[in-house]
Protein chains: 2
Amino acid sequence: MAEKEPKAARRGRPRQAEVARLAGVSQTTVSLVLGGNKQGIVIQEATRERVLLAARTLGYVPDPAARRLAAARNNLLGVFSFTATFPTAVEHSYYRFLVGIEQEAAARGYDLVLFTGSSTGGAGAGAPGALDRVRLADGCLLLGRHVPAEQLRRLVDDGFPLVHLGRRDEPEGLAWAGADYAAASAEVVGHLAGLGHRRIVLVREDDDAPASSDRQRGFLAGLAAAGLPGRDGAVVRTARPAADITAAWVRARHAEGVTAFVAEETDTGDAWRALRAAVAAAGLAVPEAVSLALLGSPPADLSDQPVPTGFDIPRAELGAAAVRLLTGLLAGAEQRSGSLVACTFRPGTTAAPPP
Amino acid sequence: MAEKEPKAARRGRPRQAEVARLAGVSQTTVSLVLGGNKQGIVIQEATRERVLLAARTLGYVPDPAARRLAAARNNLLGVFSFTATFPTAVEHSYYRFLVGIEQEAAARGYDLVLFTGSSTGGAGAGAPGALDRVRLADGCLLLGRHVPAEQLRRLVDDGFPLVHLGRRDEPEGLAWAGADYAAASAEVVGHLAGLGHRRIVLVREDDDAPASSDRQRGFLAGLAAAGLPGRDGAVVRTARPAADITAAWVRARHAEGVTAFVAEETDTGDAWRALRAAVAAAGLAVPEAVSLALLGSPPADLSDQPVPTGFDIPRAELGAAAVRLLTGLLAGAEQRSGSLVACTFRPGTTAAPPP
DNA sequence: CTCGCCAGCTAATGCGCATTAGTCGGGAGG
DNA sequence: CCTCCCGACTAATGCGCATTAGCTGGCGAG
C-alpha cells in the first residue's frame, strides 16, 4: 500500500499545505489559524473551524525546525547536561531536578528536549559545537559544572535564552537558579550555637565552585550572627579529606574545645565521609561527645546511617524555579541574573548540646 | 507596537553566505566544504582552505534548525508516556528504561524529546490529539499501558515509526520491544521443580495485559517441561489479592500439598505483597515450610526484605533495544513486529527444597 | 579547429513555516 | 454611479542550509 519514501521521517507527516488543500484555503490561512496570528488578521469563524477540523483530521503537527527557522516558538525547552542525563546511579541528583523541571514544564505547556545525543557523531556532550544543538529549542536549561565556556559565551552573547542550574557567575549575563547555601549554612550554625556549642569547625574540600564558597560564607555569617568569633582554623580546607581528617586531628580539635564539626556536601561526599570516620576512630560518641552537621544531603550509600543534622536542597523545586525563570525569559522578561531557592533545615540526629 | 529588533538570537551569527563572501566563493561551495559533501563534488584544496579560514575567522556555526529543515529529519526521538515521565517515586521503573534509552540514543546521535503531556495546554497526555504531537520527532518510543488506541492506530497507519516498550499486539503493525516473561517464568518454575516441588500455584492479578498472560503461559509451560500436571487451581486469578489471598487460603493449599507459591509482578506488586503477608500469617516459614517466587522484581518499599527468588527485567537493556529497533525503522529496516530481551534469573532466598 | 569531456564551480530550488504585501468583492459615503 | 475602504483572504517572500541542475574554461582526441 505505502510506497517506500526516501525520507523515512517525512513519510506520513502532513504539512500546512495539505491541511490547506483539505480545508480549501491557502497555506497562509492555515498558518494564521494554527499559529498565533499575532498580526490580528481577521478570519471568519467558519473558515477557522474548517481549518481546525482539517488539521485534526490529518493529525497535523508543526515542524519544530521549520518553525524555529521562521523565527517563531516551538514550545520546546532544552535540557543540556554535560554528563549523561540519566546516570546509572539512581540516586544521582539530576533525577530530582528533572522531576521538578518536567512538572513545571508540563504545567506551562512545554515539552522537553534532552540534548543528550551527540549529534556530532558520537563525540558526546563535550564535542566542539555540541552545545549549539540546543538552538533547536526555544531556550535551554544547563545542568552540571563542566561547561564548555567558549560555546556557552557565544550562546549567551547571541541572546539565546539560557538558565543554569546552580549559581554561576562566569559568563556574564547567564541566568541561573540556585539554592541558597549561604542562608541554609548559617541556619545550621545557628542551630548548633543554639544548642550551646561555642567552637565549631567547618571542613571543606578544595573546590572553588560557588556552591562551596557560599557555604563557607554562610558558615562564617552564622558564627557572627551567634556572636561567636570566626577565629583562625574555624574553616579547614583540604584536597584530600581522607588523609587530612584523622582521628588525631579530631582529638586535637576536641582538646582545644571544639565541640561541633560541620562538613560541606560535594559530589563525592568525601568531607563528610572522612569526618564521620575520624570521629568514630577517635572514639568520640555522636552526638553525646561531639556534634556533627552536614551542609547538604548525605551520599546515597550512607542513607542507612543516622540522619545528619543539616539541610536539604529542594532539587525539584530548584528545577521548577529554573523553568519558571526560563519561561520568563522567553516571555521577554528582564534578564535577572539569578534566583535563589531556600533550602530546608533538617534536624537530624547528629547534633545535641555539648557535654 | 514598535518594530522589534530582528530576533536577538540571530544578531551576530554569521551565515554561510557571509563566509562565502569573505572567501570569495558561492554559498554552495561553503556548504560543500563545511558540510559533508556526500555528493563527491571535487573542490580544489586552495579553495577549501580559503573557506575554512573564512569560517574560522567569522566563527561560523551552522544553524541546527536550518540543517534539519533541509535534511527533512530532526534527529529527535520522542518518548511518550501515558503518565508523568518522572514520577516522584525515584524507584519507579521508567527511570531504568530511560537510562538505557538515553545511552543508546546518545550513542546513535539522537536527542530525546520528552512528551510529557504538555503541548495540549496542560490537559495532559490523555487529551485527544496529545499523541499527535509526537510527530514532531522522527520516531517515538511509547511507555505505559493505557494508550489511546484510536490515536495510536492512526499514527501506525500513517507509517509513523513507533516502538512500544513491552509486548503489544493490539494495533496491528506496531513494533515493540519486550522482556521475555514467558521464558523467564518457565525458568523459575523449572528452578522450583528442580528443588523438588511437585505442586506449585501461581497467583496473578486480574489483568489482561500481555505481560500477565505471558507469565501465566510461561508458568504453565514450565510445569509441563518439568513433567508436572497443570491441574485446576494451579493458577489463581484475583482482582483483590489482599482480600482473597488469606492465611486460611494458604493453609488450605498447603494442606493439599502445595509447597511453592508464585506471584506475578504488577505495577502495585499487590499479588506478591498479599502472598507474603498470608504465608506469614499462616505461620509458615519461608523457605523452610513453603517456597515463594516472584515473576519479576519486588516493589521498592520491600527492597529491604529477603530477596525473592524470581527474575529481573533488564530495563535498561530493554530501553536500549527499543531505541535500536526504532532507529532501525528510521533507517528503513523491515518492520519486524517485536523483539524480545531475556530476563535474568535471580536465585533469591525464598525458595528451597520442600520439607 | 571543432567537439567532447571533465574538473571546479555557481545558480537555482526547496525544506515547512511565519510574515508581509497585496487582491477581491461589496457595502458606505459622496 | 463612482470612489474608497474594509473585511477576508491569498500570493509571494525569506529564514539558513543541502542538493541538484547547470555553467565555464581548458585540454586531449579526432
Donor + acceptor pair across side chains of B:T29, B:S26 (<3.5 Å):
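On atom types as modelled, these side chains qualify, holding a pair under 3.5 Å.
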
Among [options], which is the nearest nucleotide to the side chain of [X]?
| X | options | result |
| --- | --- | --- |
| B:R15 | D:dA18, C:dA18, D:dC15 | D:dC15 |
| B:L32 | D:dC17, D:dT10, C:dT10 | C:dT10 |
| A:Q44 | C:dC17, D:dC9, D:dT19 | D:dC9 |
| A:L69 | C:dA11, D:dG16, D:dT19 | D:dG16 |
| B:Q16 | D:dC17, D:dA8, D:dC15 | D:dC17 |
| A:D63 | C:dG16, D:dA18, D:dC9 | C:dG16 |

Output yes when a side-chain donor or acceptor of A:R168 lies under 3.5 Å from a complementary backbone atom of A:G178, and no otherwise.
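Not confirmed, A:R168 side chain does not pair with A:G178 backbone.
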
Near A:E150 CD, under 6.0 Å, is it more than 12 heavy atoms from other residues, nucleotides or ligands?
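Atom CD in A:E150 is not packed in, count stays at 12 or less.
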
Evaluate whether atom CD of B:E172 has more than 12 neighbouring non-hydrogen atoms of other residues, nucleotides or ligands under 6.0 angstrom away.
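At most 12 heavy atoms, drawn from other residues, nucleotides or ligands, come within 6.0 Å of this atom.
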
Find the distance [X]:[atom1] to [N]:[atom2] and express it as a whole number of Å.
| X | N | atom1 | atom2 | answer |
| --- | --- | --- | --- | --- |
| A:D138 | C:dC17 | CG | P | 15 Å |
| B:R67 | C:dG16 | CZ | C1' | 18 Å |
| B:R48 | C:dA7 | CZ | P | 18 Å |
| B:L58 | D:dG16 | CG | P | 14 Å |
| B:L136 | C:dC17 | CG | C1' | 13 Å |
| A:R133 | D:dC17 | CZ | P | 17 Å |
| A:E49 | D:dA8 | CD | P | 15 Å |
| A:Y60 | C:dG16 | OH | C1' | 7 Å |

Do the charged groups of [X] and [Y] touch, with an N to O distance under 4.0 Å?
| X | Y | answer |
| --- | --- | --- |
| B:R50 | B:E45 | no |
| A:R135 | B:D63 | no |
| A:E317 | A:R324 | yes |

Can you check whether B:T29 has a side-chain N or O nearer than 4.0 Å to OP1 or OP2 of C:dC9?
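Answer no for this pair, as no side-chain N or O of B:T29 is under 4.0 Å from OP1 or OP2.
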
For B:T47 and C:dC9, is the shortest distance between a side-chain N/O and OP1 or OP2 below 4.0 Å?
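B:T47 to C:dC9 OP1/OP2: side-chain N or O found under 4.0 Å.
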
Value rounded to 0.5 Å, distance of CG in B:L162 from CG in B:L141:
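Going from CG on B:L162 over to CG on B:L141, the span is 8.5 Å.
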
Between protein and nucleotides 21-26 of chain D, map the contacts as a letter string: B base, S sugar-phosphate only, - none, heavy atoms under 4.0 Å, written 5' to 3'.
------

Specify the residue among B:A66 and B:Q27 whose closest nucleotide of DNA chain C lies further upstream toward the 5′ end.
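That would be B:Q27.
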
Classify the nucleic acid contact of A:V25 as base, sugar-phosphate or nothing, counting any heavy atom under 4.0 Å across all strands shown.
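If one applies the 4.0 Å heavy-atom cut-off, A:V25 turns out to touch the sugar-phosphate alone, with no base involved.
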
